[in-house]
Amino acid sequence: MTDRGGASHPLVELTLARFREFLREPEAVFWVFAFPVIMTCALGIAFRSRGAEPVIVGVVQRDGAAALTATLEAAGGFSVRPIAPAEIERALRDGRAPVVVVPGAPPVYRFDEARAESQVARLAVDRALQRAAGRQDAFVAEERPIDTIGSRYIDWLVPGLLGMNIMGTGLWGVGFSIVQARTKKLLKRLVATPMSRAAYLASHVLSRLLFLAMETVVIVGFAWAVFGVGVRGGVAALAVLALAGALTFGGLGLLVASRARTIEAVSGLMNLVMMPMWVLSGVFFASSNFPDVMQPFIQALPLTALNDALRGVMNEGLSLAALRGELAILLAWGLGTFALALRLFRWQ
Amino acid sequence: MNHVPTDSPALACRGLVKRYPDVVAVAGLDLEVRRGECFGLLGPNGAGKTTTIEILEGLLDQDEGDVEVLGRRWRTDRDELRRRLGVQLQETQLADKLTVEETLRLFRSFFTDGPTVTELLDLVELGAKRASWVGKLSGGQKQRLAVACALAGRPELLFLDEPTTGLDPQSRRQLWDVLGRFRAAGGTILLTTHYMDEAHALCDRVGIMDGGTLIALGTPRELVASIGAAHVVEFAVEGAPPADEVLHSLPGVRDVRHRDGHVALATSELHATVPALLDRLRQDGAALSLLGTHSATLEDVFVSLTGRHLRDD
Ligand SMILES: Nc1ncnc2c1ncn2[C@@H]1O[C@H](COP(=O)(O)OP(=O)(O)O)[C@@H](O)[C@H]1O
Ligand SMILES: [Mg+2]
């Protein structure tokens, strides 16, 4: 065994040093752990499944309003809001009610044709009123609603948030600490020892893996406990993806930080790198919303590959073999950026 | 420790030149440091000390000139040299949120031979602080830690760039003790400083640097002797002091300098100069407002060579 005077292998010591420094930085801990949990919680509540929610109907307060309200309440599935006659258009505009019924014979429906929600509410009100007035349906179809776990917005959202977090903490965690070491001349000091430069860079990526294991457990565990979001493809596959993501964005973080001399410069660069991916890579809404001409570019982005793969494992239960295309994109980015960073790196 | 005494110097450079766009930081420097000695580069801010030492440490490339360290060259033996040298840089800030012990473990891990972490802690007397965060240490403790990091690989040659700048007298003395122990074990030191007393206390030989070149070289004693005046008489009078020619003609006086209204006379015969000066002032009817004497120092050497002081403060 090599004598290191009580110290471990340099790669271990470097990684531990990074790990300790991070844990002793309360702000960093907040951004990595608390922030994604708060975000998941807020979005989960904002976009919680509305399948069983009542349709909101505005009823204009004039003759017949009481009877109309009673009819709708008897039909079930409606939440009636009284609307003053002068308020109809404002109520529609500000979203207080997607449809407003003016009592009368026949009644008048006021709604917004351009909004799907408004259209649906109008149909539901019409059906209830027609039936109450005696209309017989020609047939009654069997209804099989899906509200199974795995197909709600929150199920789709959580993998995207996880991907976004892996990207954000990878870039920030690596980029920030490297530029800090550079401005404090610590890099220069390290270069004056026999330390292997590759080991130094690798320790940043490795320490990301440690945090990442914790981040993933916190985010996925929280989403599972609170919203019942599952991991259909198994925890092992999820772990492999998270590792691949940490390598990818750790490498990208090294590259972004490879020449920057100030914290401001590296922050700007990181935002420049992350911003397009927040928008394009399907974090909050599907990347398929963008035009076809952009798709080859979007699909080549590392966050798109990571999000698609995470959704494949968590929502669809795909195996890693089925996701080898995404994995290949991630590894290519990770290794490519690491190699480039090692060549470009400014040590002083 | 096993420092084989050899004929090759610990360090040698010839014709060293480093140019920056608007200044020539090192302008043709020749230097030789012998094994086992403590060599001091003494000079004011901007003299080119840091640039020189970083070239010797293999951290900067020179534009011209030759460097040989421990008989090796940076271009061909970089890895070996990194293992055999200890370096403390002027501006490094170690990670604030690691403890003293963690920091030393990290640096120790880069070397396959050297003292244990505990031995390093004892060497710089930081054992009681082993669990403190680096950010919580005093300036003197930080500098001792920086030196301990430089000693982690049991170096043969230790480079120190202004190791005691900004420290209080007690902290400086503690650091000098650490360096004394390193030397006692046979180590060689090259240090830079702009404190003349530090150069006096620590260095076997001193090179005085100004404007990127050496303007004097020798033991502190030789350098002080070279100005031909063992003492300095400093005085001030109310009104105008006697003319320089008059002062020069006083017995023993070798040099006359003015600074901030004070006059400094470098003299080889203190016992003759002082009475003669007092007589002269009495004749002129000048009222003495200050009189003092001290043994000539490296500061006086620098003043006599350049007409300036080492430090502006
Ligand atoms: N990286 C640099 N770029 C431009 N000028 C520099 C650089 N480093 C040092 N200098 C200049 O070179 C001269 C010598 O600097 P330095 O070696 O740091 O002196 P010292 O250590 O003796 O104070 C100074 O005039 C300084 O401004
Ligand atoms: Mg300097």
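Excluded from the calculations below are hydrogen atoms, water molecules and symmetry mates; all remaining heavy atoms, backbone and side chain alike, are included. A note on names: the letters A, B, ... follow the listed sequences, proteins ahead of strands, and every chain is numbered from 1.
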Contact check, side chains of B:Arg105 and A:Leu16, non-hydrogen atoms, under 4.5 Å
no
Is the shortest side-chain heavy-atom distance between B:Leu98 and A:Arg24 below 4.5 Å?
yes
Take a 6.0 Å sphere around [atom1] of [X] and say whether it holds more than 12 heavy atoms from other residues, nucleotides or ligands.
| X | atom1 | result |
| --- | --- | --- |
| A:Phe345 | CZ | yes |
| A:Trp347 | CH2 | yes |
| B:Lys129 | NZ | no |

Is [X] in contact with chain A via its backbone, its side chain, both, or neither, using a 4.5 Å heavy-atom distance?
| X | answer |
| --- | --- |
| B:Phe159 | neither |
| B:Ala152 | neither |
| B:Thr118 | neither |
| B:Glu54 | side chain |

Which atom names give the shortest non-hydrogen contact between B:Ala95 and A:Lys184, and what distance separates them?
CA-NZ, 4.3 Å
Quick one: closest heavy-atom pair of B:Ser109 and A:Ser8, and the distance?
CB-O, 3.2 Å
Could you have a look at B:Gln90, B:Glu91, B:Arg83, B:Arg78 and say which one has the most heavy-atom pairs with chain A under 4.5 angstrom?
B:Glu91
When rounded to the nearest 0.5 angstrom, what is the spacing between CD in B:Gln93 and OG1 in A:Thr183?
7.5 Å
Among residues 185-205 of chain A, residues within the sub-4.5 Å heavy-atom range of chain B, in order of number, are A:Lys185, A:Leu186, A:Lys188, A:Arg189, A:Leu190, A:Val191, A:Ala192, A:Thr193, A:Pro194, A:Met195
